[in-house]
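These notes concern the structure reproduced below.
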Amino acid sequence: MTVRTLSLGRRATVATAVVCSALVGGGVAYAATAQPAIRTTTPRHADQVTNIDVLRQQIRNYYGDPLGTGTFAPDGNYALEAESVARAGQRWLDARRHAGTRGSGATKAIVLDVDDTSLTTWNYEVASNWAYNPATNGQFVTEQRFPATPGMVAMATHAAQEGYAVFFLTGRPTSQEAATLGNLTADGVGVDAGFPAPTTLPDGEDGLFTKPDVAAYPDYLKQACATDPGGKCTTIHYKAATRAHIESLGYDIVANFGDQYSDLVGGYADRTFKVPNPNYYLP
Ligand SMILES: [Mg+2]
């Protein structure tokens, strides 16, 4: 009997589990019901879909990088839109600065996703032609090659100066934690984006939350993800359970910033801010 599961990479398009059961004298294959990870409409005609090469060019234009050099323009539409989200976040944080918190005595906090929320991976999208590969992506991560997302360093720095705790919450694995911290802050390797250092929590945890291997899950992830396949947290469960854990340690997450809807749903934030990213979809 062979059991083969096509594991979902970061850019999952189809959740597929194929189970083959061998019988004496022959084999019968049963295919489990496969569902696309992305639910969307079914076009009736090809002209209802943007040609994928045309779409790639539209995205290059949106990033102010029509020739696909991998460097987005500071005055391109992407940068302007990201900055407008950061400014909206800052206005909200300023307005809430003196408001009461949901937990009495709680410290106000912000949570930021990393990829395409704090750091922009446009150079990798171009280099990979939008085909995510963990090995080549890991090289960009290790070499700390990602510039800051426009507007976000200023917003996070302002928030820290106003007394907000600053937490980063990413689906990047624990093995990439040091490189991620170095790229976000300043360690002299590759890009130093200049974010404020993540806030250390009262229990001694550092405030950059990367995703552990299942075997190393803390209790709050084990409990939240017990019914997920293999006990491995979906992105939504991982992120919501981590925000719940942060709030349980005496924080009120006033704003949660992310580029994926899976960063933003699941509660444990007073308000969410969606950073633009037309390059991929993570369920
Ligand atoms: Mg992201």
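Remember, it's 1-based here, ligands and their atoms both numbered in the order they're listed. It should be emphasised that the depicted structure is a prediction, and the values quoted were computed from it without experimental measurement.
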Can Asp252 and Arg96 be counted as an ion pair, charged N to O under 4.0 angstrom?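 A salt bridge links Asp252 with Arg96.
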Can you tell me which residue among Thr174, Leu169, Val114 is in a side-chain contact (heavy atoms from CB on, under 4.5 Å) with Thr210?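 Testing Thr210 for a side-chain contact (heavy atoms from CB on, under 4.5 Å) against Thr174, Leu169, Val114 leaves exactly one candidate, Thr174.
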Partner of Thr149 by side chain to side chain donor-acceptor pair (under 3.5 Å), out of Thr120, Asp116, Thr121: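 In the set Thr120, Asp116, Thr121, the residue that makes a side chain to side chain donor-acceptor pair (under 3.5 Å) with Thr149 is Thr120.
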If you check every N/O/S atom of [X], which is the one nearest the Mg ion (ligand 1)?
| X | answer |
| --- | --- |
| Asp259 | OD1 |
| Asp115 | O |
| Asp113 | OD2 |

Reference residue Trp122; test ring-ring contact (aromatic ring centres under 6.0 Å, His included); the match among Tyr280, Phe140, Tyr62, Trp130: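 By the ring-ring contact (aromatic ring centres under 6.0 Å, His included) criterion, Trp122 pairs with just one of Tyr280, Phe140, Tyr62, Trp130: Trp130.
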